[in-house]
Amino acid sequence: MRPLLELARERLKGRKVIAVMSGKGGVGKSVVAAMLALNKPGAALVDLDLSGMAVPKLFGVVGRLHEVSKDGIEPLVAGGLKLFSLGGVVGDRYVILPGYGQAGAVEALLAFAKLDGAEAVVVDMPPGMGEELLALGRVADFTPVVVTTPSKAAVGVVRHLIDYLAEMRKKPAAIVLNMAYVECGGAKVYPFGRGDGAAELAQRHGIPVYEVPIDPELENYVGRIYEYKGPVAQALRQLADKL
């Protein structure tokens, strides 16, 4: 009997759990997770990227700590969205955890997060295929959304993740091809190629691909990403509606 594991399972029971993940870091996974949560009514966002903890930075809540009541961990709220992050426990500092510590942190955060009223939980996963992925699989029947860029290097790493998910019988709801193109004079320009590797991967596994554009303006919304309504948000709103 593992009390935290059982509590986490009970906390997520009956909720749609959407895990945004990638085998590769630096592909914009946290932005995708944030946009999906913001565009999905009744969703909460849980940051399980224990090393990166980008969510507090995106939402401007760095340094704010979760309050803890007898009912659990109170969410941080920004832009009307409920957020949970290890950053809200340790503050703006790095954390190094061994594998078993990562699993324990995941289970504890999910076990005590006050998700009242959240019909869906969007989870920002760390890059790679580590203990956090195994831990989430133990507590919830999650729906994967896999993020990559058109880069051959990124797709090559993501391929391993999708193959692993296929072995686990967890078909991703989508491959998000992030930073796919820029709008120029009404036409789409693909500076990093057309993402043929991602298209082949998607076709092989029967997964829809969502292309998300590059928008330099997005950088100006770090710290207040909930105010961003530009083309990246518009592209991901279509995916959020399908989840």
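Values in this document were obtained by computation on a predicted structure and should not be read as measured data.
No path of Ile, Leu, Val, Met, Phe, Trp and Tyr side chains, each step under 4.5 Å between heavy atoms, connects Ile214 with Ile225, placing them in separate hydrophobic clusters. The same ILVMFWY cluster, assembled from side-chain heavy atoms under 4.5 Å apart, contains both Leu38 and Leu218. Ile207 and Tyr164 fall within the same hydrophobic cluster, where Ile, Leu, Val, Met, Phe, Trp and Tyr residues are linked whenever their side-chain heavy atoms come under 4.5 Å apart, directly or through other members. Residues Phe84 and Val77 do not share a hydrophobic cluster, clusters being chains of Ile/Leu/Val/Met/Phe/Trp/Tyr side chains in contact below 4.5 Å. Clustering ILVMFWY residues whenever any of their side-chain heavy atoms sit less than 4.5 angstrom apart, transitively, puts Met168 in the very cluster that holds Val17.
Atoms NZ and CG, from Lys242 and Leu36 in turn, are 14.0 Å apart once rounded to the nearest 0.5 Å. To the nearest 0.5 angstrom, Ile162 atom CD1 is 4.0 Å from Leu201 atom CG. From Leu243, atom CG reaches atom NZ of Lys16 across 6.5 Å, with rounding to the nearest 0.5 Å.
The shortest heavy-atom contact between Arg11 and Arg15 is O-NE, 2.8 Å. Contact record, Val209 with Ala202: CG2-CB, 3.3 Å, taken as the closest heavy-atom pair. In plain terms, the two heavy atoms of Leu45 and Val55 that are nearest each other are CD2-CG1, 3.9 Å. What you find for Ala44 and Leu81 is that their closest heavy atoms are CA-CD1, 4.4 Å. Shortest non-hydrogen contact noted between Ser85 and His66 is N-NE2, 3.1 Å.
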Could you list the donor-acceptor pairs under 3.5 angstrom formed by side chains in residues 173-185, with sequence neighbours left out?
residue, atom, partner, partner atom, Å
Asn178, ND2, Val27, O, 2.8

Pair up each side-chain donor or acceptor in residues 116-126 with any protein partner under 3.5 Å, not counting sequence neighbours, and list the distances.
residue, atom, partner, partner atom, Å
Asp124, OD1, Lys29, NZ, 3.0
Asp124, OD2, Ser30, OG, 2.6

Side chains of residues 144-157: which donor-acceptor pairs under 3.5 Å do they make with residues two or more places apart or in other chains?
residue, atom, partner, partner atom, Å
Thr149, OG1, Ser151, N, 3.3
Ser151, OG, Ala153, N, 3.1
Ser151, OG, Ala154, N, 3.3

Practice task
I would like to know whether Val31 and Val212 meet side-chain contact (heavy atoms from CB on, under 4.5 Å); could you show each step before the answer?
Solution key: CA-CA 11 Å; Val31 169; Val212 176; over 6 Å; no
Practice task
Kindly indicate, with the supporting measurements, whether the criterion side-chain contact (heavy atoms from CB on, under 4.5 Å) is fulfilled by Phe112 and Val68.
Solution key: CA-CA 9 Å; Phe112 295 114; Val68 180; over 6 Å; no
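For residues 205-226, the pairs satisfying salt bridge (Lys or Arg N to Asp or Glu O under 4.0 Å) are Arg224-Glu227, with sequence neighbours left out. Residue pairs meeting the salt bridge (Lys or Arg N to Asp or Glu O under 4.0 Å) criterion with at least one partner in residues 156-165, sequence neighbours excluded, are Arg159-Glu200, Asp163-Arg204.
Listed for the Arg64 side chain is no donor-acceptor partner under 3.5 Å among the backbone atoms of Gly60. Side-chain atoms of Lys188 do not come within 3.5 Å of backbone N or O of Pro213 as any donor-acceptor pair.
Here the side chains of Leu136 and Leu110 are in contact, with some heavy-atom distance below 4.5 Å. Taking 4.5 Å as the limit, some side-chain heavy atom of Lys40 sits within range of a side-chain heavy atom of Ile18. At least one side-chain heavy atom of Phe142 sits less than 4.5 Å from a side-chain heavy atom of Met21. In this structure, Tyr210 and Leu236 have side chains that are not in contact, with every pair of non-hydrogen atoms separated by 4.5 Å or more.
Partners of Glu107 according to the side chain to side chain contact (heavy atoms under 4.5 Å, CB included) rule, which considers only residues two or more places apart in sequence or in another chain, are Arg2, Leu4, Leu5, Arg138, Val139. Taking Asn39 as the reference, Met35, Arg237, Ala240 meet the side chain to side chain contact (heavy atoms under 4.5 Å, CB included) condition, with sequence neighbours excluded. By the side-chain hydrogen bond (donor to acceptor under 3.5 Å, both in side chains) test, Lys170 pairs with Asp141, sequence neighbours left out. Legend: residues meeting salt bridge (Lys or Arg N to Asp or Glu O under 4.0 Å) with Lys82, ordered by chain and number and at least two apart, are absent. In this view, Glu10 and Lys13 satisfy the side chain to side chain contact (heavy atoms under 4.5 Å, CB included) rule, not counting sequence neighbours. Contacts of Ala78 classified as side chain to side chain contact (heavy atoms under 4.5 Å, CB included), with partners at least two apart in sequence or in another chain: Phe59, Val61, Leu83, Tyr226. Partners of Tyr221 under the ring-ring contact (aromatic ring centres under 6.0 Å, His included) rule, at least two apart in sequence or in another chain, are Tyr228.
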